[in-house]
Number of protein chains: 4
Amino acid sequence: MDRPGGISGPDSIAVATGIVEQYRLVRRRTEELCATLEIEDYVVQTMPDVSPTKWHLAHTSWFFEAFLLTPRQADYRAPHPLYNYLYNSYYVQIGERFHRPDRGLLSRPTVAEIYAYRAHVDRHVLDFLEAADDRTLEEVLPIMALGLNHEQQHQELLLTDIKHVLSVSPLRPVFREASAPENGQTVSADGVPALEWIAFEEGLHEIGHGGGEFAFDNEGPRHRRFIHSFEIANRLVTAGEYMEFIEDGGYRRAELWLSDGAATVEREGWQAPLYWERIDGRWHHFTLHGFREVNADEPVCHVSCYEADAYARWAGARLPDEAEWEVAVSLVPPEGNFVEYGALHPAAMEISARGPLYQMYGDVWEWTRSPYAPYPGYQPPPGAIGEYNGKFMANQMVLRGGSCVTPHDHIRLTYRNFFPPDARWQFSGIRLAKDTGRKP
Amino acid sequence: MDRPGGISGPDSIAVATGIVEQYRLVRRRTEELCATLEIEDYVVQTMPDVSPTKWHLAHTSWFFEAFLLTPRQADYRAPHPLYNYLYNSYYVQIGERFHRPDRGLLSRPTVAEIYAYRAHVDRHVLDFLEAADDRTLEEVLPIMALGLNHEQQHQELLLTDIKHVLSVSPLRPVFREASAPENGQTVSADGVPALEWIAFEEGLHEIGHGGGEFAFDNEGPRHRRFIHSFEIANRLVTAGEYMEFIEDGGYRRAELWLSDGAATVEREGWQAPLYWERIDGRWHHFTLHGFREVNADEPVCHVSCYEADAYARWAGARLPDEAEWEVAVSLVPPEGNFVEYGALHPAAMEISARGPLYQMYGDVWEWTRSPYAPYPGYQPPPGAIGEYNGKFMANQMVLRGGSCVTPHDHIRLTYRNFFPPDARWQFSGIRLAKDTGRKP
Amino acid sequence: MDRPGGISGPDSIAVATGIVEQYRLVRRRTEELCATLEIEDYVVQTMPDVSPTKWHLAHTSWFFEAFLLTPRQADYRAPHPLYNYLYNSYYVQIGERFHRPDRGLLSRPTVAEIYAYRAHVDRHVLDFLEAADDRTLEEVLPIMALGLNHEQQHQELLLTDIKHVLSVSPLRPVFREASAPENGQTVSADGVPALEWIAFEEGLHEIGHGGGEFAFDNEGPRHRRFIHSFEIANRLVTAGEYMEFIEDGGYRRAELWLSDGAATVEREGWQAPLYWERIDGRWHHFTLHGFREVNADEPVCHVSCYEADAYARWAGARLPDEAEWEVAVSLVPPEGNFVEYGALHPAAMEISARGPLYQMYGDVWEWTRSPYAPYPGYQPPPGAIGEYNGKFMANQMVLRGGSCVTPHDHIRLTYRNFFPPDARWQFSGIRLAKDTGRKP
Amino acid sequence: MDRPGGISGPDSIAVATGIVEQYRLVRRRTEELCATLEIEDYVVQTMPDVSPTKWHLAHTSWFFEAFLLTPRQADYRAPHPLYNYLYNSYYVQIGERFHRPDRGLLSRPTVAEIYAYRAHVDRHVLDFLEAADDRTLEEVLPIMALGLNHEQQHQELLLTDIKHVLSVSPLRPVFREASAPENGQTVSADGVPALEWIAFEEGLHEIGHGGGEFAFDNEGPRHRRFIHSFEIANRLVTAGEYMEFIEDGGYRRAELWLSDGAATVEREGWQAPLYWERIDGRWHHFTLHGFREVNADEPVCHVSCYEADAYARWAGARLPDEAEWEVAVSLVPPEGNFVEYGALHPAAMEISARGPLYQMYGDVWEWTRSPYAPYPGYQPPPGAIGEYNGKFMANQMVLRGGSCVTPHDHIRLTYRNFFPPDARWQFSGIRLAKDTGRKP
């Protein structure tokens, strides 16, 4: 079935009746994430990739306005006619947009005005849903599902971005106090289990999303792929292992790096993951719970794909292909250290589900060596909504599995996240793979 | 007498007793300027030259801390040890400073924390003054005077900067509602009087500050200068006259421009003064009272020295030398459209004092053709305070006379303001001059 | 068999005896390409991607020095000890290199000195080969083969770069006069045949190089890949068809472009392929034969991958996957408009081999939609030679089939060229593909 | 008398008859400077400020074409219609110009073609002068004088620029072998005489050019200036003295620097004058005679105005005002180490004329603390020729006295050279001054 938005959605009215509750829940959850913020924190943009918190709050509302309210309610009016210009992120078919790197230059609208905007959109969306007949409801379910998944993506971005914003202040503010003993600070007496390789045989596999539940268009179509035999690590690379790479001169040994990676290291002066700082010979880092020493047992985080790739080469391994990752993870239930757990930080191994594969979901997004490209037969939906994913299929790499700031019910086996290979401000880490039979 | 800070100050204890009241007044006035701001407005930095309002509030407090409290009170402690790093603007002899273009990246300390910082400094300064004996009071009077004049400079910058900050929002917020009929919006039936030339004979003149009242070190020493005969315009160039320059292709005729000016016009795409926008064939601009049509009778404002120079060449004239300006203005009392008048915008001619020379003070800073250079015998005071003015004597031009956002008691005949020739965000305008006998 | 350089090479001594002749031939061919150049033409670097001709002449000699002479002849000395620094392109394991974008700043060594350098290296290489016993010969054959293929790559780059160099002079110099009626200027009465779609069934295919003849390491290992059914165009997109895209507003319609592509179009101001210029409503372009009108029947050339992708979307199609291309081309002999043909320009369709697929080889490199990534099991050879290909596997796209400036015996079915998606100065063009059953 | 070009010129026909000889001499001298260059050396532009040698050769010819031949010979034709576009440097009233930083991208026209262009212009100029009647001759004398002085300026720039071009090659080519014992390499047993201060009384002086012999327009009008008493150093600052400044941490002590200077030091990483390099603890530098150790007795050279100013502050002195310099130098004949002397490098003190003031002319251009501004009453001549000097009167500083690469008969007491304060590739050095009575 071809639906507006080109996404597959739920098939029964039963689900439709739940949409109001889901809408309320997701929208409220976004605002709850801001509970500890000062007004000033909502305003700042610390680099072009980061958006101010208040922009996230507004843009997620605009999404419902642009794709649900405006097309279906002739008399709908935004609180200000320029909001469509200010809060359109990148949909060129919807019109001109405010220049992205300048989002932090706007003191107005104020935070209060933006919360009012959210309330305004909520009122209209809920009124709309209430008044809708079954047929209409069925029609709009896909766009509602997309809007809510979109908002969940921005929940993660909001946390990722506010971490960067708070980190640049020399005052090192705390986003949220850690609740003891959360977050792997209690290291097991034995430390992290040894890295083991889990082997998979070659064969023709199906990967990608096949319909049914919600998925983004870029996760499909489901298709066959021949996968050569490979082995994948049973757990994530730890901060302690990564420190060994640093100690071994990893950042200075250009032969370990992709050419673009080496150039980035030199240009940016990278010597460790983002947020790391060496004090008196010991590594510390900024976290959402404040500044503290790095726990060697926790998964390394905030590394770029270049760093992940160089680490893998140093370790005699490589990054997994996204198809390999998907085949491997099919053994594992989608449980892990997600945002609901409250850690807001990757956790040492104890927390995760049972093996043989650990930490596949949550904790950190896992860089793959797969460039973000369309699956065979992929076709974005027509219209502006088709810009959601497809137009970014260049110069980006796929990441899999979600992180400690991803909502649990947002992730799934086929989920494809993507970022440029030099991006580090995401909660991104490393899982190793290798060709069968190759000695690391 | 050589005083700390290298500035001349008042000579009697009588003045000393007034310093507490002055301090209270100036400090309060700074905060009053922020009365209409939202918290969000305090945070933003829209270009490297602009500082966030909260930075101005903190830095002016830091100044008293760094030059009065810390040197004289061994047990003085700032609310946070990093404030000295965050709020030192450019005094290298005081230590490392936070990177200027990144001032807008800091959400913390919050606005409330900075008001608390101001109160903290105020309490300590006032306690100090109260406890000081006469001798100490006399010693610190120069630095107190400098600190208050410094704060007045930042009052002007605060307004100049917040204008820029508010202007970038497409929502075009109003800083303060205009009170009718302020600000020259009532144009006299006759319009602006004709431009007339006031002639001065050649001769040896004394210019510069000779001591007595407070002055910045760069205003002295008083010295002789031979000035050739010249003529100076009786009033400022109006917006209407400047529109004629635009209509005549002024911005496209490279032969009218200094070479660096022509390059700037091309690089920046300038076609009119800063804040001007043509709508349906009529010029509008952003003001502190909101967005509105340009009044042709008011002085043109927010032009760079390059634009002022090109306009003058187009008009067959030139900009005055700063010594010429000082000789001419000695005929005129220091009255005009200053910040206390409340217009916050240059005013059409009726408002100003009587002739033969009009608008010499207030309204707009007047670009001169004098590069900012030391007067003969100038020597900055020793120590960090010597960095206040002297180190900027390169690549800047002198402006004279104050503007509609300058405090009245801050300005005087010998006052030398200075900005790079491409700066436009100041309230800067144009007065013409010419060599005697030359026909424009 | 694992050889130094990780490349597969010929297996018999019979081939070994031919290597001297091949060496002489390839080296001479490089110099023949420069026959029409002035000394001044050898020196200039018109953008960072372009290298001066004299750099190409030196670097290809350095390659034999660094990988053959220096490792195997203890007493070998370069004419100047700094040549190893100046002419190492990117091999970090060999040492520091001169900054690439500054290659055009060096007037010395002179062109004559560089020809002397070539002669010096030739003498030593030929002496070495002559003196080598069979075992040594067999050992060095792979590196000799790599060196000669490397030099052939630079023959193509030399022509590509000199085209750019000559093009920036307003004098529009001619690299080589065209010999009538070369180069498709004689358009057949009927014009170009209609575009037809050639269909391929889904199935498991083997692609990649399987050993035997020389191939670059990135072409292997040969491996299985499941390919979904697809259709591929029987010929290249013509300049005339591309003009229709331009006329239809192709460059201004952001919805046709990848996001990075749209940003590039805006930043660079692209409105047509590189070298195109509209004069009196008709498209002209700079060619190696001088400046002339674009022949609508010839394949469009000097487009980036972004432009190729946008054109394909506009045409209701897509670019082929590199595996699809390889499967399709296996029907076709490796014949076409290569550098030996002398056209130095893509040719209208008559010139090419018989169908059903035309112009698969030569004319223009064909952009695929495949990011340049390692094949399953790919491992670069150890040591500096391993930097030849592997470290560039990020942010680049694969191109296939060779161009009108590629040496004929340099190309093969499995050949993978790669450039960033915004590169336009290569002779790169467009072949369309589509999913089976989709209507363009 | 007002002449075309706004310059004062010779008044007698006797001089007119000498112009042909002068023309031949100056034009030949330019070409003689290139005697040791390779073709490749003519082509390269190593930074935007530097022009290729062949550009200098062409541009100086274009000057005669644009200001003499084209206006006065209706049938004059340049060898190529685009030469007017390629070789116009900055005269906007003459038309569009080729982008300055791209001058090094042009391999064509070739060096041979440019020598042919010179010969073409010479033939036409000499034919013109030969055919001219007395009245015409008198009319064109000013433009001829300007053209020859212009060419002499470019003789100096040609040497300054080729020094930079040759310096960037790691091969360190020699422009011209030094003839022993030229260039102060023989240091007198006693070293350099002590620095002494020569005092001048305050008073009203006349400075500037008053007509008669040729001078550039910016040297006039002659006018009165009141000069306060001052003292000026009897000789230039030596390289050895400058080394002490470096050893004393001069480049790291921000309090010694103008604010823009400190920013430049940090951005550019300056640690010593241009061309200096420390090897095994001893300072070496690149000279037109090759790379060699710095002679501590020779004047320091290739410093920016920022460095000169910081050095002066470190030494307890300041730079002279240009009027002070002119008053002081009126005691001294215009003799010194000019280009004709052949040293092509500043010389230790023995070479110069007798005291009390040494090295005022030649050796190095002396930075003053005077921004380059118009003299009272200055008016550039009308038309394109008025762009020669006037439009550069912003952001530049005046230098006085000529250098070791200045033609002797090009310099005079009133000569004002000007460069931005961060320029270092000129042969520029330091003379100290101070206010009377101030202790250094």
Side-chain angles (χ1 to χ4, degrees), chain C residues 34 36-48 50 52-55 57-58 78-88 96-99 101-115 117 161-175 286 290-291, chain D residues 34 36-48 50 52-55 57-58 78-88 96-99 101-115 117 161-175 286 290-291:
Chain C
C34 305
T36 58
L37 295 184
E38 301 286 349
I39 295 288
E40 293 87 341
D41 299 330
Y42 287 82
V43 178
V44 170
Q45 176 175 38
T46 40
M47 64 172 179
V50 161
T53 300
K54 69 175 180 139
W55 186 90
L57 294 178
H80 194 289
L82 281 171
Y83 283 6
N84 189 49
Y85 168 73
L86 287 175
Y87 299 119
N88 175 2
E96 292 293 311
R97 289 125 285 134
F98 189 74
H99 189 45
D102 293 346
R103 288 175 184 164
L105 305 187
L106 300 182
S107 63
R108 312 287 181 95
T110 63
V111 172
E113 286 165 336
I114 282 173
Y115 275 111
Y117 179 34
D161 289 357
I162 200 69
K163 180 171 182 177
H164 197 267
V165 166
L166 296 177
S167 78
V168 304
S169 172
L171 303 182
R172 291 174 174 156
V174 169
F175 172 74
F286 182 82
F291 189 77
Chain D
C34 304
T36 59
L37 295 184
E38 302 285 349
I39 296 288
E40 293 87 341
D41 300 328
Y42 287 82
V43 178
V44 170
Q45 176 175 36
T46 41
M47 63 170 180
V50 160
T53 301
K54 69 176 181 136
W55 186 90
L57 295 178
H80 193 289
L82 281 171
Y83 283 4
N84 188 50
Y85 167 73
L86 288 174
Y87 299 119
N88 175 0
E96 292 293 311
R97 287 127 287 135
F98 189 74
H99 189 44
D102 293 347
R103 288 174 185 165
L105 305 187
L106 300 182
S107 63
R108 314 287 181 94
T110 62
V111 173
E113 286 166 337
I114 282 173
Y115 275 110
Y117 179 32
D161 289 357
I162 200 71
K163 180 172 183 177
H164 196 266
V165 165
L166 295 177
S167 78
V168 304
S169 172
L171 303 182
R172 292 174 173 154
V174 169
F175 172 73
F286 182 82
F291 189 76

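Keep in mind it's a predicted model, so treat the numbers as computed, not measured.
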For residues [X] and [Y], report the shortest heavy-atom separation together with the two atoms involved.
X      : Y      : value
C/R108 : D/L166 : NH2-CD2, 4.2 Å
C/S169 : D/L106 : CA-CD2, 3.5 Å
D/V111 : C/E40  : N-OE2, 2.6 Å

Please determine which of D/V44, D/T46, D/I162 meets the side-chain contact (heavy atoms from CB on, under 4.5 Å) test together with C/S107. D/V44

Who are the side chain to side chain donor-acceptor pair (under 3.5 Å) partners of C/N84, not counting sequence neighbours?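 With neighbours one apart ignored, the set is C/W62.
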
Tell me, side chain or backbone of [X] under 4.5 Å from chain D's heavy atoms, or both, or neither?
X      : answer
C/F98  : side chain
C/L171 : both
C/P109 : both

Could you look at D/Y42 and say if it's the side chain, the backbone, both or neither that has a heavy atom under 4.5 Å from chain C? neither

Got a sec, which pairs hit salt bridge (charged side-chain N to carboxylate O under 4.0 Å, His left out) with one end in residues 163-173 of chain C, sequence neighbours left out?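 Qualifying pairs: C/R172-C/E277.
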
Given the options D/D41, D/L82, D/V43, which has more heavy-atom pairs under 4.5 Å with chain C than any of the others?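 Going by pairs under 4.5 Å, I would pick D/D41.
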
